[in-house]
Each structure stands twice: as structure tokens, then as C-alpha cells.
Amino acid sequence: MKLTQDQLRAYARDGFLILPNLFSPDEVQAMKRDLQRIQDIDTDHLVREKTGGIAKTIYRVHEADGPTASPVFHAAARAPRLLEPAQQLLDDAQLYVYHTKCNLKTAIDGSVWQWHQDYGTWRRDGVPTPGMTTALVMLDEPTEMGGCLYFIPGSHKEGHLEPAFDEATAYKFWVVPKTQLLEIMERSPEPVPIVGPPGTVVFFDANILHASGHNLSRHDRWQIYVVYNPVANRPADVANPRPDYVRSTNFAPLQLGTDTITDEVHA
Ligand code: SIN
Ligand code: MN
């Protein structure tokens with residue numbers, strides 16, 4: 001699938017691009033079924049909420065091996081619907097998956113993600129440039145009450161902001177310091193809620209400022225993220241690198257797959 005010039009321009013201007021209904025209801029159900037299976041696995045590839053042991057984040061579902069391997073997401077990460085736009089947005093045919101992350105922001109329990117830039121973490125991983133793109137796939141219909149993601153349009157143009165480590169929330173990571181965040185918010189457009197029907201895909205820039213709140217609703221807000229990085233932008237060696245499930249060392253360029261996304265076993 002190829003993006004139009006208008007879509008490429010919108011992504012460059014806003015730092016994100018929303019593509020409604022890119023996956024069908026059946027395909028979304030196949031993805032959800034596989035995550036329902038994987039969420040019970042006991043592995044370090046899975047982070048749980050502070051209460052109740054509920055799965056918050058599942059990593060590395062795109063590979064053919066490993067505890068969280070999923071044939072459905074292996075196919076989705078290589079499907080022309082995702083891989084070709086990523087190649088266009090990064091103007092590079094040789095991409096690999098930096099990581100996949102499934103955020104199961106479960107009804108009532110699903111918790112906050114503070115304001116951050118993804119490249120704030122990935123730079124510390126040794127990635128030379130922010131020339132990466134993420135494909136978000138909505139598996140439920142996110143709402144404001146249900147803790148949808150918010151983007152500050154155009155904030156990717158701020159460039160890299162030196163992050164601070166936040167230990168207060170269920171997922172400890174590098175966030176934008178509050179004083180700087182407020183100053184940027186004051187002179188930026190209002191944050192926009194990223195909502196849409198299940199199957200919607202959103203591509204976004206590694207430097208866009210984004211966050212999401214607690215899920216106060218009775219509906220789950222499951223969504224997955226496939227992060228694409230050019231092989232040429234693979235991370236340099238760093239001391240104490242993060243594990244492979246968040247900083248993949250499989251740098252083999254992705255081969256374009258097919259648009260068949262199913263968990264049915266064919267004879
Ligand atoms: C993230 O930004 O990494 C996750 C945010 C979310 O899933 O709401
Ligand atoms: Mn993020």
C-alpha cells in the first residue's frame with residue numbers, strides 16, 4: 001500500500017498520520033485472540049500493572065521465535081499495509097523492527113503513560129538518529145475516558161529534548177521534564193486525542209510528544225505498536241544495552257510479506 005503525496009506532507013507537518021480501518025474486524029479479532037493467549041504467559045517480555053497482575057505491555061510479538069512469538073503479528077509487521085508506508089515515510093527500503101509493544105490498557109486498571117518522546121529512550125539505546133517511525137494499530141476503539149493516546153501536533157519539530165527518568169508510574173521510563181513540557185505546551189496547538197474504530201493505524205514520528213491517561217472506562221483499550229528502523233540507523237554499542245525484546249538485535253532487513261492476516265491453521 002502506498003501513501004499519497006498529501007499523506008506524506010501531512011505526516012511531515014503534524015508528525016503523525018491516521019489511516020482508519022486499515023485492518024478488518026476479522027483481522028483485529030485474530031490479533032486480539034493471540035494476545036489473550038499470550039497475556040497469561042510468565043515471561044520477562046511482559047510487564048504487569050502494579051495491581052492485580054493484569055498484563056500492561058507485551059513485547060516482541062513479531063518474531064518467529066521466543067516466548068511471546070505470534071504468527072499473526074509476524075505477518076502484520078511484514079504486511080504491505082504497514083511495511084510499505086513505513087518504507088516511504090523513512091525513504092528507505094531496508095527496515096527492521098526495532099520492537100513491537102502491545103499495550104493492553106485494560107478497563108479500570110490500565111494506567112498512565114507520562115508525556116515523552118520515544119526517541120528520548122531510543123537515543124540512550126545508541127540509535128544514531130530519530131529517523132524511525134511507529135505504526136500503532138487500534139484493537140479496540142480508544143476514547144478520551146478510556147485513556148486514548150494524545151499527540152501535540154508538530155511537536156516532533158522540537159527535536160530531541162533531554163529526558164528525565166520517571167519512577168512514579170507502573171512503567172518506569174524517560175519522560176519530558178515538566179518545566180520544559182509546560183513551556184512547549186503553551187506555544188503549541190492543543191494536544192489531540194487519537195481515536196478511531198478498531199483496525200485504525202496511526203504512523204507517528206519518534207520525536208512527537210505524546211502521553212495517555214488512566215483507563216477510567218469499562219472498555220479495554222488494547223493497541224499495538226510496531227517500530228520500524230532503517231538497518232543503517234541500527235544502534236551503536238552502549239554499556240548495559242536494554243534487552244533484545246525492546247532493542248532488537250535482529251537487523252536483517254524485513255522481506256515484504258502478504259496482506260493475509262489470520263490465525264486460522266490451513267491444512
Ligand atoms: C507509549 O507511548 O509508549 C504508550 C502509550 C499508550 O499506549 O497509551
Ligand atoms: Mn511512546
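Both ligands and their constituent atoms are indexed starting at 1 by order of listing. What you see below is based on every heavy atom in this structure, not just the backbone, and it leaves out hydrogens, waters and symmetry mates.
The backbone N or O of G120 sits nowhere less than 3.5 Å from a side-chain atom of R124 that would complete a donor-acceptor pair.
Ranking the protein heavy atoms by distance from atom 1 (C) of ligand 1 puts K101 NZ, 3.4 Å first. For atom 8 (O) of ligand 1, the closest non-hydrogen atom on the protein side is S212 OG, 2.6 Å.
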Taking distance alone, no hydrogens or angles, what donor-acceptor pairs closer than 3.5 Å link side-chain atoms of residues 223-231 to residues at least two apart or in another chain?
| unit_1 | atom_1 | unit_2 | atom_2 | d |
| --- | --- | --- | --- | --- |
| Q223 | NE2 | Y225 | OH | 3.0 |
| Y228 | OH | A77 | O | 2.7 |
| N229 | OD1 | N233 | ND2 | 2.9 |
| N229 | ND2 | Y96 | OH | 3.0 |
| N229 | ND2 | N233 | O | 3.1 |

Under 3.5 Å donor-acceptor pairs involving side-chain atoms of residues 189-200, not counting sequence neighbours:
| unit_1 | atom_1 | unit_2 | atom_2 | d |
| --- | --- | --- | --- | --- |
| T200 | OG1 | P197 | O | 2.7 |

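Just one residue in the list L139, D259, V137 forms a side-chain contact (heavy atoms from CB on, under 4.5 Å) with F23, and that residue is V137.
Annotation: side chain of L95 is in contact with side chain of L90 (closest heavy-atom distance under 4.5 Å).
Every atom of ligand 1 with a heavy atom of Y225 under 4.0 Å away is listed here by number and element: 4 (C), 5 (C), 6 (C), 7 (O), 8 (O). Interface atoms of ligand 1 facing L149, defined by a heavy-atom separation under 4.0 Å, are 5 (C), 6 (C), 8 (O). Remark: ligand 1 atoms within the under-4.0 Å shell around heavy atoms of N103 are 4 (C), 5 (C), 6 (C), 7 (O).
Atoms of the protein (N, O or S only) found under 2.8 Å from the Mn ion (ligand 2) are H116 NE2, D118 OD1, H210 NE2.
M1 and V202 are members of different hydrophobic clusters when ILVMFWY side chains are connected at heavy-atom separations under 4.5 Å.
Residue V176 shares its hydrophobic cluster (ILVMFWY side chains chained together at separations under 4.5 Å) with W115, Y150, I152, L161, L181, I184, M185, L209.
Residues Y245 and H99 keep their aromatic ring centres 6.0 Å or farther apart.
At least one N or O atom of H116, backbone or side chain, sits closer than 3.5 Å to an N or O atom of ligand 1.
Inspection of the N250 and E63 side chains reveals an N or O donor paired with an N or O acceptor under 3.5 Å.
Heavy atoms of K56 found under 4.0 angstrom from ligand 1: none, in either backbone or side chain.
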